Structures are given as C-alpha cells and as structure tokens.
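Positions are given from 1 along the sequence. Order of appearance sets the numbers: ligands from 1, and atoms from 1 within every ligand. Values in this document were obtained by computation on a predicted structure and should not be read as measured data.
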Amino acid sequence: VGRFFMEHLNLVAGCFVPSTRDGAALDLYEVPSRRIGASRLLSKHGRADLRISERLQRERRLLNASATFARLWTHPSHASEGYLAMKQLFEGWSEGRSDGLWEHLQKAVRDVDNVAAALYWKLFDREKPLPLMDFRVQVEQEPNPLSRVRLGAERDRFGMPRVELDWRLTDNDLRTLRETARIIAVECGATGAGRLQILLPADDGALSAMVGGAWHHMGTTRMHPDPRQGVVDANCRVHGTANLFIAGSSVFPAVGHAHPTLTIAALAMRLADHVKGVLS
Ligand SMILES: Cc1cc2nc3c(=O)[nH]c(=O)nc-3n(C[C@H](O)[C@H](O)[C@H](O)COP(=O)(O)OP(=O)(O)OC[C@H]3O[C@@H](n4cnc5c(N)ncnc54)[C@H](O)[C@@H]3O)c2cc1C
C-alpha cells in the first residue's frame, strides 16, 4: 500500500507562434481561456488533445502523452526584470521617493529589449490576444515502486498521521516529455502550422523540479492478481480480505495520459454490479 504513486506530468513545455495571427490551424487543440470564452471554440467543433501517432510512439518506445495550446494575453516581457524595474522606477518617481531609483534604472537599461517589447504590446496591442500560445504537455507516468505515499510522524488535529509524498519520476517519464515536445515541434514546422520553441532545461534534475501534476492521484492500491505485487484483485477486492473493496484511481496499475474520472466511474459501476452479485 502506498507504492506506485502516479500523477500526470503536466507543464508548459514551450511557446508556440502560429503562422496565422488567429492560430486557426490549431483551434481544435486550443484550451479555451476565460477571456476568449469556451463557447467560441467549443461551439465550433469541441476540443481535442494532440498526440503523436501510435506507430511513432512504439518505434521510440515512448509512454502516452498529449498536448494542448493556450492563447497568451500577457506578453512574456511583462514579467521581465527590466520591465518590472521600470514600473518601480516610475512608481517611485511619481510618489516622490528617491530610494532605489538608480538601481531600478540600471536594471531597466540592462534589459532594454524586454522593456521595449513590453511597452510596444501595452501601447499598441492591448486587449488583443497575442500571436503566441503556451504549449502544454500532459504525460503518463510509468509505474515505479519507489514513488510512494507513507504515513508520517506528524499528526493532524484529529490525531491521524499526516501523509508524506515521495513522488519520483523515471528517466523514461522525462524522455517521453522531451521527445513528445520535440516531435510535435518538428511537425508544427513541417505542416506550416507555426513555430514551436521548446523551453525545457537540458538538465533532468531541473526539469523534474519544473514538472507539476494534474490533481490526478493514482496507483497506490494497484490491481494485480498476485498479492505480493498488488493490493486489490481484478474485482477491486483487497487481497486477504473477504469483503473490503476499493473504488478509485488508486487501483490503476498503469495510468495512460488521459484524465482518470471516466475510468474511475466505469470501474465503480462494475464494482457495484460485482458487490450486488456477491450479496445476492
Ligand atoms: C482541481 C481538480 C481538477 C480536476 N479535474 C479533473 C478533470 O478535469 N478530469 C478528471 O477526470 N479528473 C479531474 N480531477 C480528478 C478527479 O476529481 C478525481 O479523479 C475524482 O474526483 C476521484 O474520484 P473518487 O470518487 O475516487 O474520489 P473523490 O472524488 O475524492 O471522493 C472521495 C469522497 O470520499 C469522502 N471521504 C473521504 N474521507 C472520508 C471518510 N473518512 N469518511 C467518509 N467520507 C470520506 C470525500 O469527502 C469525498 O467525497 C480533478 C481534481 C482536482 C482536485
């Protein structure tokens, strides 16, 4: 119990510049933002995730993964050191403060490219979607007994031990993330959809630190016919017990890349039928 904790690796892996300003070629794979409104995109044709072909996936021995695009409304330069320093410079100046002004000015001058880009977007393209999109990838995590949840020594206010999570990624998880992004980037260029700049650090440690999850907690009571290798049997019954069953994504022996809840619901309905059969 508690081993094989899996999540979906989820992160912005790059920046996409569509070849047309409205990015229509990839509409189907665009996650609607609040500002565009779900209706504009979903009323047309629903929404899909982008995947690499099964043939290529097998050939490269990759795990499952999918990708989506999300329109950016704030130019990345608005978060740059130079632009933030310039804002502080003007704020300080307008409030008659002199502390730190010289330092802010130096930072703004050193980062003049970003200051210019930020001002341009603010003055001329405000309130329009930028011709830039976040490229987000969601990757399957492979089963790994060392990735686990344990009970910690610390207790919560009800006196129950708090959980400790030791989430571990494998080389294969990170390789799938990098390769999937690279293959989709090459295809975006080859098909003329646009240019995808991958923004992943070369170092695996740094990449692991960047990876987030998707609130999909899975695998810690995995299904396996052998009690030494899993917690529940094929009917979700806990090995070694007569009438204890588990419904939830913790029984998944492997997790794919897709969101888990439809599979959880399907398994729960199957379990309900099974328990009904046992009781009658
Ligand atoms: C922000 C967020 C977004 C998500 N988005 C998606 C998505 O888009 N698609 C998707 O497929 N999945 C999504 N998920 C995951 C999805 O919510 C879960 O996979 C799903 O809810 C799990 O269902 P469950 O019935 O196993 O557990 P839960 O939905 O967590 O249900 C467990 C229930 O047990 C109750 N409970 C706990 N302890 C006790 C106790 N001691 N006594 C009595 N009751 C107890 C809880 O109150 C809860 O009602 C998301 C999760 C989060 C947090």
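Shown here is Met269, whose CE atom has no more than 12 heavy atoms of other residues, nucleotides or ligands within 6.0 Å.
Checking atom 27 (O) of ligand 1 against the protein gives no heavy-atom contact under 4.0 Å. At least one protein heavy atom sits closer than 4.0 Å to atom 16 (C) of ligand 1. The nearest protein heavy atom to atom 30 (O) of ligand 1 is not closer than 4.0 Å. Of the protein's heavy atoms, none falls inside 4.0 Å of atom 36 (N) of ligand 1. Per-atom contact check: atom 1 (C) of ligand 1 touches the protein, criterion being a heavy-atom distance below 4.0 Å. Protein non-hydrogen atoms do not reach within 4.0 Å of atom 39 (C) of ligand 1. Distance check on atom 45 (C) of ligand 1: every protein heavy atom falls at or beyond the 4.0 Å cut-off. There is a protein heavy atom closer than 4.0 angstrom to atom 51 (C) of ligand 1.
Ranking the protein heavy atoms by distance from atom 18 (C) of ligand 1 puts Thr261 OG1, 3.7 Å first. Considering only non-hydrogen protein atoms, atom 5 (N) of ligand 1 sits nearest to His216 NE2, 4.4 Å. Atom 9 (N) of ligand 1 has His259 CD2, 3.2 Å as its closest protein atom, hydrogens excluded (heavy atom only). Nearest to atom 3 (C) of ligand 1 among the protein's heavy atoms is Trp215 CE3, 3.7 Å.
Between His8 and His216, the angle of the ring planes goes over 60°, which puts this pair in the perpendicular group of the 30/60° scheme. Taking the six-membered ring for Trp and thresholds of 30 and 60 degrees, Phe5 and Trp167 have ring planes more than 60 degrees apart, a perpendicular arrangement.
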Between Arg175 and Asp173, does a salt bridge (Lys or Arg N to Asp or Glu O under 4.0 Å) hold up when you go through it step by step?
-> CA-CA 6 Å; Arg175 188 177 67 85; Asp173 300 333; over 6 Å; no

Might you work through the side-chain contact (heavy atoms from CB on, under 4.5 Å) test for Gln141 and Met218, ending with a clear yes or no?
-> CA-CA 10 Å; Gln141 179 179 358; Met218 304 167 284; over 6 Å; no

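Between Arg51 and Asp49, no side-chain nitrogen of the basic residue sits less than 4.0 Å from a carboxylate oxygen of the acidic one, so the salt-bridge criterion is not met. Taking a cutoff of 4.0 Å between a charged side-chain nitrogen and a carboxylate oxygen, Arg150 and Glu164 do not qualify as a salt bridge. Between Lys87 and Glu91 there is no salt bridge, since no side-chain nitrogen of the basic residue lies less than 4.0 Å from a carboxylate oxygen of the acidic one.
Only the side chain of Ile264 comes within contact range of ligand 1, with a heavy atom under 4.0 Å; no backbone atom does.
Although no hydrogens or angles enter the test, the distance criterion places no donor-acceptor pair under 3.5 Å between the side chain of Thr220 and the main chain of Gly2.
Residue contact check: Gly248 has heavy atoms under 4.0 Å from atoms 26 (O) of ligand 1.
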